[in-house]
Amino acid sequence: MKHRTPNLALLWILPLAFLAVFYFYPLGSILTVSFGRGTGGAALQLLEAFTSPTVQRVLGFTIGQAALSTLLTLVLGLPGAYLLARFDFRGKSLFQALSGIPFVLPTLVVAAAFNALLGPRGWVNLALMEWLNLSQPPIQFLNTFTAIIVAHVFYNTTIVLRIVGDFWAHLDPRLVQASQVLGANRMQTMLRVMLPLLAPAIAAAALLVFIFDFTSFGVILVLGGPRFATLEVEIYYQAVSLFNLPMAASLAFLQLLCTLLLTTIYTHLAAGLGRPLGLRPRRYTQRHLLSWRSRLVAALLLGLISAFLIMPLVALALRSFTSPETGSSLAGNPNGTGLRLTLNNYRELTINRRETIFYAPPSTAIAVSLGYAAATVMLALTLGLPASWALARGQSSPLNRWLDPILMLPLGTSAVTLGLGFIIALDHPPIDLRASPVLVPLAHTLVAFPFVVRSLTPALRSISPRLRQAAAVMGASPRQVLRTIDLPMVGRALLVAATFAFTISIGEFGATALIARPEYPTIPIAIFRYLGLPGAINYGQAMALSTILMGVTAVGMLAIERFRIAEVGEF
Amino acid sequence: MSRKYFLFALVLAMFFSACAQATVSPTVSAEPSTPIPSEQRTLTVMTHDSFAASDDVIRAFESAYDVAVRILPSGDAGTALNKAILSKGNPIADVFYGVDNTFLSRALSEDIFEPYNSPKLANVPSVFILDPKGRALPVDYGDVCPNYDKAYFAGKGIQPPRSLEDLTKPEYKGLLVVENPATSSPGLAFLLATIGRFGADGYLDYWKALVANDVLVVNDWDTAYYTEFSAHGGTHPIVISYGSSPPAEVVFASTPISEPTTAVVTTGKSCFRQVEFVGILKGSQNRDLAEKWVDYMLDLTFQQDMPLQMFVYPVNKEAKLPEQFVKFAASPAETSEISPDEIAANREAWLQAWTETVLR
């Protein structure tokens with residue numbers, strides 16, 4: 001036991017140094033400058049902001065929508081996680097890869113997908129109008145509270161599927177069998193055995209989902225419409241529209257405070273939740289669907305999740321292969337815009353018709369996106385692994401109790417604020433990174449890092465210390481213990497972490513837009529450029545690139561799935 | 001856990017950040033034909049995301065002055081300006097392009113520009129010169145106006161609207177989609193158009209009438225134009241967009257068309273004119289090159305390139321417009337005028353009053 005204590009501090013060095021330079025320093029700088037521009041001290045300005053009825057209303061809405069979104073994400077995600085964890089069936093990895101795609105799509109594209117499906121001229125409304133003989137579309141989806149919630153569930157279900165699903169996949173099924181042998185029914189087994197065992201993973205997933213929803217920006221703006229504002233939207237309005245930096249800083253501070261409070265509560269809960277378990281390889285935990293009943297239930301469940309997660313994607317992909325007939329959707333053709341199949345949108349992507357300087361062929365955008373993503377995966381794992389190890393090993397250490405909540409802060413930080421922080425903080429050698437592309441994977445790593453930690457820590461905590469002790473007793477060096485015990489046991493969680501880092505980087509838009517070189521855009525940046533100009537072919541090209549983005553993401557995730565380090569893939 | 005692990009991790013981190021740099025920054029070295037002299041200088045131009053220019057036009061400047069031009073899009077117009085302000089004193093760039101008349105006062109009162117009296121201003125009509133001290137020089141302008149779907153009105157046999165007042169009439173009920181002025185630049189421009197037309201004490205009544213006539217408000221131009229506008233599959237045949245949107249519809253048609261499917265309401269003071277400016281950032285280490293760049297932006301080559309790149313009008317009165325602009329773009333005879341100072345002084349109050357009236 002003795003050798004662990006000094007290591008704990010050592011493990012923290014790298015992750016903390018990274019956070020200090022690229023997170024706390026820029027954030028501290030922008031908050032200082034912003035409060036300095038206001039009248040009265042920071043405390044006074046904060047007090048003023050916190051007592052304002054507008055701010056309280058915005059805060060109330062922000063928390064409410066995030067709580068509801070998180071709850072519904074769990075409701076949809078947990079049955080899915082069960083299915084993925086306990087059964088082996090054909091097309092499973094494809095389903096897993098597809099279900100992760102929503103996570104990477106830019107909000108404008110998701111809005112387009114939902115519009116193709118549920119918009120006033122979307123398929124559902126058109127079908128209902130035809131069927132019920134209505135003159136007006138019966139479903140009003142865009143610009144509603146429902147749209148916000150649905151989009152959040154759409155985006156984040158994959159977090160639950162992955163974090164809970166992969167943890168569940170390694171729980172020893174004999175525990176359930178034992179409970180049933182002892183006379184518990186299914187419900188009792190679920191509530192008394194499975195749920196407590198799964199609690200650390202569920203809590204970790206719920207925390208991530210909640211923070212994502214809590215800081216939501218694009219979904220609120222584009223799908224919710226102008227009637228709804230979260231703190232992040234209000235920060236943008238104060239900082240950019242009104243240039244009221246002191247107010248923006250107060251709100252950003254409030255957002256941070258909430259995140260810190262939440263993660264602190266989580267840390268206290270999680271300390272009591274984690275317990276060492278005998279994790280089992282997947283081949284012991286998964287069954288094939290044998291009986292027709294289990295097949296039916298699985299098919300229904302998969303169908304439901306697919307309908308929700310994959311149908312909008314299909315609608316989007318179909319849209320990219322069509323070209324609207326020129327003309328109005330309200331005049332002439334009663335079925336709305338006439339569509340015909342074409343590859344035109346894709347062909348047009350490869351042509352620089354206006355000879356514009358920032359034109360990049362799709363191959364370049366794909367290469368740039370993959371380059372940033374690879375760097376992010378490496379960086380996030382390099383930083384996340386030691387941090388998770390430290391968290392898992394010294395659960396009762398006071399150092400960890402302090403540091404654990406802090407690790408999550410980057411996720412709950414206002415992107416607008418931090419972006420401005422980079423500008424004023426990282427402005428002198430040796431780190432004048434204000435316009436450097438290196439900032440892109442660094443920014444992506446800040447977001448990916450908490451995901452990596454949250455995916456790895458539950459798995460690391462669940463490794464029974466007795467295994468390590470046994471290995472040590474039998475003469476294994478600490479490094480051998482690491483290689484033969486820890487690494488294989490967490491290999492699966494490592495892949496989950498890598499997948500998250502990959503998808504976060506591939507889909508990230510805000511930070512990339514501010515620092516990427518215009519000649520070398522990522523796919524989301526290129527999509528955004530096409531959407532900024534009027535004209536049917538621009539919209540078509542944006543849809544085609546979005547479809548390419550979905551393809552690249554799916555292929556990337558399948559590739560990570562197949563990537564195996566020694567026996568790691570077993571787990 | 002040995003120290004070796006950390007060394008390894010550190011090396012790994014450094015290696016991959018180096019890789020990241022290598023994958024994404026072959027910018028300069030990607031020009032094998034022109035050997036780069038070691039002394040070549042770089043001019044950095046900070047701008048917004050909508051910046052575009054022809055490759056030739058930028059290259060011509062680079063070879064004329066033996067300089068590498070680095071363009072830094074830095075977010076939307078407001079965000080880019082904020083960054084320029086926050087980096088004042090140690091500027092990221094030499095030149096900032098893209099502050100418009102709705103943001104001009106913020107740029108001037110934060111004092112980020114050095115004055116420059118460009119000789120090329122001689123060709124620019126004086127109405128565009130809003131800063132007499134020459135800190136912000138006009139480059140281009142565009143009009144934000146209601147656009148409509150021609151086929152809808154032809155099909156229904158209704159006259160398209162001809163003024164802002166028309167939009168409140170029963171025959172146009174539920175037809176208009178506008179952008180939120182708090183989050184969208186054309187949205188703010190349209191709010192200013194209504195303030196210019198009806199005055200600071202009359203615009204709220206106008207907006208009340210629009211609300212009663214079922215106006216739809218969305219947050220951004222993309223949603224308004226591509227989701228709600230009936231020319232692109234939506235259900236609203238009137239949208240707030242630019243006077244140059246119809247030529248863009250022709251240039252970017254999915255199948256070649258000879259006539260745009262959309263048109264612009266230019267009559268009855270229904271538009272607001274946005275003028276965009278360029279300025280030399282205080283503390284620029286390349287003042288001489290920055291002056292050349294500003295001259296270049298105001299000169300014919302760049303000015304005539306702008307319309308089909310950014311769909312804006314050049315301010316240089318000698319610049320010739322491309323054919324598509326001459327044929328299809330609409331320019332109002334009269335626009336709503338509000339000075340940058342007035343906008344700066346009232347922006348918050350106007351936005352708040354608008355929000356209370358329209359969204360609550």
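The structure displayed is predicted, hence computed values, not measured ones. Each chain gets a letter, A, B and so on, in the order its sequence line appears, and its residues count up from 1.
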Greatest number of heavy atom pairs closer than 4.5 Å to chain A - which of B:S241, B:G78, B:A248:
B:A248
Atom group of B:D220 that falls short of 4.5 Å from chain A, counting heavy atoms
side chain
Heavy-atom cut-off 4.5 Å, strictly under: side chain, backbone, both or neither for B:Y242 against chain A?
neither
For residues A:P534 and B:E249, report the shortest heavy-atom separation together with the two atoms involved.
CB-OE2, 4.2 Å
Interface moiety of A:R37 toward chain B, non-hydrogen atoms closer than 4.5 Å
side chain
Can you tell me how far apart CG (A:L533) and OH (B:Y226) are? Round to the nearest 0.5 Å.
7.0 Å
Return the set of residues passing side-chain hydrogen bond (donor to acceptor under 3.5 Å, both in side chains) with B:N180 (not counting sequence neighbours), or none when no residue passes.
B:N219
Spatial distance of atom CG (B:D55) from atom CG (A:N352) [nearest 0.5 Å]
7.5 Å
Side chains of A:Y236 and B:D76, donor plus acceptor under 3.5 Å:
yes
Interchain contact, A:F18 with chain B, by part (heavy-atom threshold 4.5 Å):
neither
Considering only heavy atoms, which portion of B:P91 lies under 4.5 Å from any heavy atom of chain A: side chain, backbone, both, or neither?
backbone
With a 4.5 angstrom heavy-atom cut-off, could you sort out which part of B:T223 is near chain A: side chain, backbone, both or neither?
side chain
Within the distance-only criterion (no hydrogens, no angle test), does the side chain of B:N82 pair as donor or acceptor with the backbone N or O of A:A239 below 3.5 angstrom?
yes
Closest heavy-atom pair, A:L242 versus B:R347, reported as atoms and distance to 0.1 Å, is CD2-CD, 4.1 Å
Part of B:E179 within contact of chain A (heavy atom distance under 4.5 Å)
neither
Roughly how far, to the nearest 0.5 Å, is CZ of A:F243 from CD of B:E348?
13.5 Å
Does B:A52 offer a backbone N or O that forms a donor-acceptor pair with the side chain of A:T356 under 3.5 Å?
no
Using only atom types and a distance under 3.5 Å, with no angle test, would you say the side chain of A:R227 pairs donor to acceptor with the backbone of B:L359?
yes
Distance (rounded to the nearest 0.5 Å) between B:T227 OG1 and A:N115 CG
4.5 Å
With chain B as the partner, which of A:L370, A:L531, A:I424 has the greatest number of non-hydrogen pairs under 4.5 Å?
A:L531
Region of A:I220 in contact with chain B, defined by heavy-atom distances below 4.5 Å
backbone
Structural part of B:I71 lying under 4.5 Å from a heavy atom of chain A
both
Under 4.5 Å from a heavy atom of chain B, the part of A:V240 involved
both
Pick from B:V217, B:V358, B:T355: which one makes a side chain to side chain contact (heavy atoms under 4.5 Å, CB included) with A:P226?
B:V217
Would you give the length of the straight line joining atom OG of B:S254 to atom CG of A:N344, rounded to the nearest 0.5 angstrom?
7.0 Å
When rounded to the nearest 0.5 Å, the distance separating CG of A:N538 from CZ of B:F252 is 4.5 Å
Which one of B:T183, B:L188, B:I85 has the most heavy-atom pairs closer than 4.5 Å to chain A?
B:I85
Spell out, as yes or no, whether a donor-acceptor pair under 3.5 Å connects the side chain of A:S241 to the backbone of B:A182.
yes
